[in-house]
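All remarks here apply to the structure that follows.
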Amino acid sequence: MVSLMKRSVAELIGTFILVFFGTGAAIITLMISKGQTPPNSFNIGIGMLGGLGDWLAIGLAFGFAIAACIYGFGKISGCHINPAVTIALWSVKKFPSRDVAPYVVAQLIGAALASFTLAYIIGMGAVTTGGLGATAPFEGIGYFQAILAETIGTFLLMLAIMGVAVDREAPPGFAGLIIGLTVAGVITTLGNITGASLNPARTFGPYLGDLVLGGTNFWVFFPIYIIGPIVGAVLAAFVYNYLSEETV
């Protein structure tokens, strides 16, 4: 087995890639649309399809990045790149307790580094206009509605992970493609509801960057993106194990 240090570094790099390309797409979308008047307060999008087309593009950016990381780092660390996934796998005894904290810390560091790197490359417009791609509930979406949405979205993501990456009977070679497309699909639907984080680290990076660099303070919403993803992922792991158990 690869050492814990090397696996943690792989998690850090993988989460960096996820946040850099995924939230980077969100930042660029907001900067391109700066100055345009949206048709309503719920629509932040541009182009013929409005927000829906933008969320599809952002979702695909996340999905492609995740697929690349899974194919690149899957055999090294398992490519969790998400604290909710790590905790869910631990909860069903698919991941050792001693490795949980190093993985989560590495994921948080990778996400934070990605946000600061985006701010450096793009400039302060990434913070003031793009908000570093930070997630928050949209207008009319309550706190508990947002938690439920994140729970359902992460439940679907974790089901896909269990089925194509964790299950020993899964057909080889499809994990990156299926998991990436699942994330893209969930973001297309939930993006304009909660920002579709599905991942505490993905939200942590932009929140920390905004806090340090003078952007909007969204930390009041952080529990949404901890509770929803972790509950959804853990529930999915237990449901999958229950449904896949062979009966005598």
Exercise. Show your reasoning for whether side-chain contact (heavy atoms from CB on, under 4.5 Å) applies to T203 and F221.
Key: CA-CA 10 Å; T203 291; F221 299 119; over 6 Å; no
Self-check item: Euclidean distance, F16 CZ relative to I109 CD1, rounded to 0.5 Å
Solution: 13.0 Å
Quiz item: How long is the span from the CD1 atom in I224 to the CZ atom in F144, to the nearest 0.5 Å?
Solution: 9.0 Å
Practice problem: To the nearest 0.5 angstrom, please state how far the CG atom of N82 sits from the CG atom of L89. | Solution: 10.0 Å
Exercise. Output, in order, the C-alpha distance, side-chain angles, deciding distance and verdict of side-chain contact (heavy atoms from CB on, under 4.5 Å) for F138 and I193.
Key: CA-CA 5 Å; F138 278 66; I193 297 174; 5.8 Å; no
Quiz item: With a 4.5 Å heavy-atom cut-off, do V212 and F116 have their side chains touching?
Solution: yes
Quiz item: Would I152 end up clustered with L159 when hydrophobic side chains under 4.5 Å apart are linked, directly or stepwise?
Solution: no
Practice problem: Ignoring hydrogens and angles, tell me if any N or O in the side chain of R7 forms a donor-acceptor pair with the backbone of V2 under 3.5 Å. | Solution: yes
Quiz item: Do the non-hydrogen side-chain atoms of I58 and F21 ever get within less than 4.5 Å of each other?
Solution: no
Exercise. Could you check K34 against L30 for side-chain contact (heavy atoms from CB on, under 4.5 Å), going step by step and ending with a plain yes or no?
Key: CA-CA 6 Å; K34 181 181 180 181; L30 289 169; over 6 Å; no
Quiz prompt | T216 and D210, any side-chain heavy atoms less than 4.5 Å apart | solution = no
Quiz prompt | Exam field: side chain N199 to backbone I81, donor-acceptor pair closer than 3.5 Å | solution = yes
Exercise. Answer yes or no: is there a donor N or O on one side and an acceptor on the other, between the side chain of N217 and the main chain of L211, under 3.5 Å?
Key: no
Practice problem: Name the orientation class of the two ring planes belonging to F204 and W219 (parallel below 30°, tilted from 30 to 60°, perpendicular beyond 60°). | Solution: perpendicular
Self-check item: More than 12 heavy atoms of other groups within 6.0 Å of F218 CZ
Solution: yes
Exercise. Hey, could you give me the CD1/CG distance between I187 and L198, rounded to the nearest 0.5 Å?
Key: 6.0 Å
Quiz item: Looking at S115 and P206, what are the two nearest heavy atoms and their distance?
Solution: OG-N, 3.0 Å
Quiz item: Of all heavy-atom pairs between L132 and A119, which one has the smallest distance, and what is that distance?
Solution: CD2-CB, 4.1 Å
Quiz prompt | Side-chain (E150) to main-chain (I227) donor-acceptor, under 3.5 angstrom | solution = no
Quiz item: Would you say the side chain of L157 lies within less than 4.5 Å of the side chain of I161, judging by non-hydrogen atoms?
Solution: yes
Quiz item: Between CD of E169 and OG of S244, what distance do you get to the nearest 0.5 Å?
Solution: 9.0 Å
Quiz prompt | Min side-chain heavy-atom separation F62-T23 under 4.5 Å | solution = yes
Quiz item: Per the side-chain contact (heavy atoms from CB on, under 4.5 Å) rule, which among I179, I17, T15, I13 passes with C69?
Solution: I17
Self-check item: Heavy-atom closest pair, residues P102 and S8
Solution: CB-OG, 3.7 Å
Quiz item: Okay, side chain of E11, backbone of V104: is any donor-acceptor separation there less than 3.5 Å?
Solution: no
Exercise. Check the side chains of D167 and Y240 for a donor-acceptor pair under 3.5 angstrom, ignoring hydrogens and angles.
Key: yes
Self-check item: Pair Y103 + F95: ring centers closer than 6.0 Å
Solution: yes
Exercise. State, without any angle test, whether T86 and Q107 hold a side-chain donor-acceptor pair at a distance under 3.5 Å.
Key: yes
Self-check item: Flag side-chain contact, heavy atom, 4.5 Å: S91 against F238
Solution: yes
Quiz item: What's the shortest heavy-atom distance between A237 and V92, and which atoms?
Solution: CB-CG1, 3.7 Å
Quiz item: Run the side-chain contact (heavy atoms from CB on, under 4.5 Å) check on I122 and I28 step by step: do they pass?
Solution: CA-CA 9 Å; I122 299 173; I28 295 301; 4.2 Å; yes
Quiz item: Do the side chains of V105 and L4 join up, straight or via other hydrophobic residues, at under 4.5 Å, putting them in one cluster?
Solution: yes
Quiz prompt | Which atom of I226 lies closest to which atom of P200, heavy atoms considered | solution = CA-CG, 4.2 Å
Practice problem: Mind checking the OG1-CG spacing from T188 to L56? Nearest 0.5 Å is all I need. | Solution: 4.5 Å
Practice problem: For residues Y207 and T135, report the shortest heavy-atom separation together with the two atoms involved. | Solution: OH-O, 2.5 Å
Quiz item: Under 3.5 Å, is there a donor-acceptor pair between the side chain of T154 and the main chain of G232?
Solution: no
Quiz item: With no hydrogens and no angle check, is any side-chain donor or acceptor of Y225 less than 3.5 Å from a backbone partner on R202?
Solution: no
Quiz item: Between V239 and Y242, is any pair of side-chain heavy atoms under 4.5 Å apart?
Solution: no
Exercise. Group every Ile, Leu, Val, Met, Phe, Trp and Tyr by side-chain heavy-atom contacts under 4.5 Å, then state whether L148 and M158 land in the same group.
Key: no
Self-check item: Neighbour count above 12 (heavy atom, 6.0 Å) for Y143 OH
Solution: yes
Exercise. Please say whether more than 12 non-hydrogen atoms of neighbouring residues, nucleotides or ligands are located less than 6.0 Å from CZ in F64.
Key: no
